[in-house]
Asker: 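I have a structure I would like to understand better, so I am pasting it below and will then ask my questions one at a time.
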There are 2 protein chains.
Amino acid sequence: MPFEPSVQAPFAVAVDLVVLAVHRSALRTLVVRRGESPDRGRWALPGGFVGAQEDLEAAAARELKEKTGLSVHVAGNGDGAHLEQLATYGDPGRDPRTRVVSVAHLVLVSGLGEGQESYTGVVRGSVLGDVAGGEPEVRWVPVDELLPGDSETHRRSAPSLLAFDHDRILAEGVDRARAKIEYSSLATSFCPPEFTVGELRRVYEAVWGVALDPRNFHRKVTGTPGFLVPTGGTTSRQGGRPAQLFRMGGATLLNPPMLRPEA
Amino acid sequence: MPFEPSVQAPFAVAVDLVVLAVHRSALRTLVVRRGESPDRGRWALPGGFVGAQEDLEAAAARELKEKTGLSVHVAGNGDGAHLEQLATYGDPGRDPRTRVVSVAHLVLVSGLGEGQESYTGVVRGSVLGDVAGGEPEVRWVPVDELLPGDSETHRRSAPSLLAFDHDRILAEGVDRARAKIEYSSLATSFCPPEFTVGELRRVYEAVWGVALDPRNFHRKVTGTPGFLVPTGGTTSRQGGRPAQLFRMGGATLLNPPMLRPEA
DNA sequence: CCTGTTTATCGTCAGTGCGACGACTAGGAT
DNA sequence: ATCCTAGTCGTCGCACTGACGATAAACAGG
C-alpha cells in the first residue's frame, strides 16, 4: 500500500503568500490583480508555481522578491521580513485548470512609519497603500475590508472578494499572526530595526484591532527580560515626549504571553 | 509572472501521518516497516500518495484507516481520532525517486486504558505496543526512543532512526501536540469518551514528560467552566478511591492555559 | 476488624502578574 | 505661559498559580 509512484496524479505545486504589514493604524495585506485566465482581473494573493528543483521556502522568497522587491531572512530576523509556512490547500477543484496544491506562507514586513504618506514603501516603485505603476497592479488593502465577520463595517456572509480560496488563506494567515504575537516577539517584525514602545504597541493594536493601555503595555514589554534592548539612542519623534529607542532582544518567546483583551 | 502552467514540474504529492497515543505512561507514535525501494526495511511514518481527485484530509484519513483501522471525525471529536494538518515538506531530494511534496498530518488517538496489556489496540489485529501480524509490520514506539535531545536516555546527535526526513516531521508533530494541549482541550483526544481527572492528568504527564501536582491539576481542570462535564456516573477503578467520570465540555479553548512546568 | 497503601478531592496561604487608573515628565504648538 | 500629546513610573486590588496539609474512599494483608 505505501508508496506506489505509478498511481501518481499530475499535481502542480504552488506557493501563495499572505504578506502583512501595519500602515496607518491598519493591518494590511498585499494583493495583486490577476492578469491570467481564471479569475482574470480579480484580486488575489501573490503566488506562483514552485520550480522543479526549488525548495518551498525558496519559492516563497522568490515570489516575494518578484512581487515586492523584499528579501527575507528565513529563520532569524535581519532587516528582511519574517517568513514562515502557513498551511497547504489542496482541494480538488480549487483551481479550475488542473489539480493545484498550494503551500501558503505568511510574511510579515516592517511597514510602520505611520507618518502618513512619508513612507516609501516596500513595493518597488510604489508607496504603501497606493497602486503600482507599470508593473503588475499591486495594492495594500486593510484586512478588515477583505475579511467578513472580522469586526465592524457591514456584515457580509461570504462575498469572496479574492480569487480561488484566497479569502480563507488570508483569514488563516491573519489568525496565525494574531495568535503568534501573543507569545512571541514576532510583532517586532512589523517594526523597523529600532522602534519605540509606543510604536510596538500600535502594532499590537492594529493587528488585534483593540486599544491597549499604554502604561500596562510599557510595563509588560520592558519588564520581560531579554525582550527589548535599549539602543541608548534615547530619542525619536512621534508627537509628544521623546521616547526611548529599542531593538529586539534575544528572547523570541514571550512568557507569560501578552494577553489579548476581549472575552 | 503569476501562474504559468507550462513551466510546471512533475510533482508527486503525499501525506505523512504522525499518529500519537498515550499508552503505559508513554507518548507513543505509530511507525511502519518500509517494504519498498528507498529505505526498505527501515521504520517510517505511515503515509502514501494522494489520489488524483482526493482531498488532502481525505487522503490522510484513508491512510489512517488503512494502517490502523481508525476513523477520524475531522473537526469535532466523536469517538474518532483528532486529525489536523501539520506542515508540508518539499525539499528537492527528500525522496530519491522523484520530487515528492509531503503534507504531514497530526493524529491523536485515544489509546489510554493504562491497564497494562488489557487494551485491545487501535491497530487492527494487534495490541498497542506490539507488532502486527500478517499485515505490514506496525509498531507503537515511545517517542523518547526516536527523538534525540528530547529528554533522558543517551545523547545521540542525529542518528536518524526513521526513513526520509521523518525524524523531523515527528519532532514537529510532537512539539505541536505538546504546545496545543496547553491552551486547548486537545488532550482529551487521548482519552476515551469518559475519563477521570487522574487519567487526563496522566495524559499531560506522558505528553510533557513531567510530573504534575494532582491537587492543582484537579483544581485547574474542574475550575475551568465548560471544560469538563461530569457524566453523573461517578465511579471507575484505577487503584485507590473511585473517581468521578467526565466528558469533554463545549469549551475547546483553555483560558488561561494549563502551564507547563520547567523554566 | 484494623492498618497501611493508593488515588481522589477539598482547603489554605503566599507570591506573581495583570487590569484599572493616578501622577509626573518632556517635547511641540498656540 | 498654557495646552496638548505621548512617554514613563507607581499603586491598589484581584485572579491565578505553586507548594503543601488534610480528609475520603476504595483495596490488600494480617
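So that the names make sense, note that chain A is the first sequence line, chain B the second, and so on, each numbered from 1.
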Asker: How close or far is atom C1' of D:dG13 from atom CG of A:N216, stated in whole angstroms?
Answerer: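 Answer to the nearest Å: 13 Å.
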Asker: In plain terms, say whether B:R176 and B:E172 are close enough for a salt bridge, that is, a side-chain N and a carboxylate O under 4.0 Å apart.
Answerer: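 Answer for the salt bridge query: no.
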Asker: Is the phosphate of D:dC16 approached by B:K220 (side-chain N or O, under 4.0 Å from OP1 or OP2)?
Answerer: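 No, outside the criterion.
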Asker: Starting at the 5' end of DNA chain D, which residue's closest nucleotide do you reach first, B:P256 or A:T196?
Answerer: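 The 5'-side residue here is A:T196.
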Asker: With a 6.0 Å cut-off (strictly less than), is the heavy-atom count around CZ of A:R168, excluding the residue itself, greater than 12?
Answerer: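 Counting neighbours around CZ of A:R168, 12 or fewer heavy atoms of other residues, nucleotides or ligands fall under 6.0 Å, so no.
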Asker: Tell me the interatomic distance from B:L254, atom CG, to D:dA15, atom P, rounded to whole angstroms.
Answerer: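 Roughly 18 Å, once rounded to whole Å.
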Asker: For B:R201 and C:dT7, is the shortest distance between a side-chain N/O and OP1 or OP2 below 4.0 Å?
Answerer: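 Checking B:R201 against C:dT7: no side-chain N or O falls below 4.0 Å of OP1 or OP2.
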Asker: Taking only N and O in the side chain of A:R202, is any of them less than 4.0 Å away from OP1 or OP2 of D:dG7?
Answerer: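 Yes.
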Asker: Check the distance between D:dT17's C1' and B:M258's CE and give it to me in whole angstrom.
Answerer: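 Distance check: B:M258 CE to D:dT17 C1' gives 12 Å.
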Asker: Choosing from C:dC10, C:dC21, C:dG27, which nucleotide comes nearest the side chain of A:P242?
Answerer: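 Output: C:dG27.
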Asker: Tell me: CG of B:L259 to C1' of D:dA19, nearest whole Å?
Answerer: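 Going from B:L259 (CG) to D:dA19 (C1'), I get 15 Å.
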Asker: In whole Å, what is the span from the CZ atom of A:F217 to the C1' atom of C:dA20?
Answerer: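 In whole Å, C:dA20 C1' and A:F217 CZ are 17 Å from each other.
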Asker: Taking atom types as they are modelled, would you say the side chain of A:R219 forms a donor-acceptor pair with the base of C:dG19 within the 3.5 Å cutoff?
Answerer: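 Donor-acceptor pair under 3.5 Å: yes.
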Asker: For D:dG7, does either OP1 or OP2 sit under 4.0 Å from a side-chain N or O belonging to A:H218?
Answerer: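 No, A:H218 has no side-chain N/O under 4.0 Å of OP1/OP2 on D:dG7.
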Asker: Record whether the side chain of A:R241 comes under 3.5 Å of the base of C:dT25 through a donor-acceptor pair of N or O atoms.
Answerer: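 Checked by distance alone, the answer is yes.
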Asker: Taking B:R178 for its side chain and B:V207 for its backbone only, find out whether a donor-acceptor pair lies under 3.5 Å.
Answerer: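 Present.
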Asker: Starting from the C-alpha separation in whole Å, work towards a yes-or-no answer on side chain to side chain contact (heavy atoms under 4.5 Å, CB included) for A:W43 and A:L161.
Answerer: CA-CA 7 Å; A:W43 294 104; A:L161 298 168; over 6 Å; no
Asker: Donor-acceptor pair under 3.5 Å: do we get one between B:R215's side chain and the base of C:dG11?
Answerer: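 Result: no qualifying N/O pair found.
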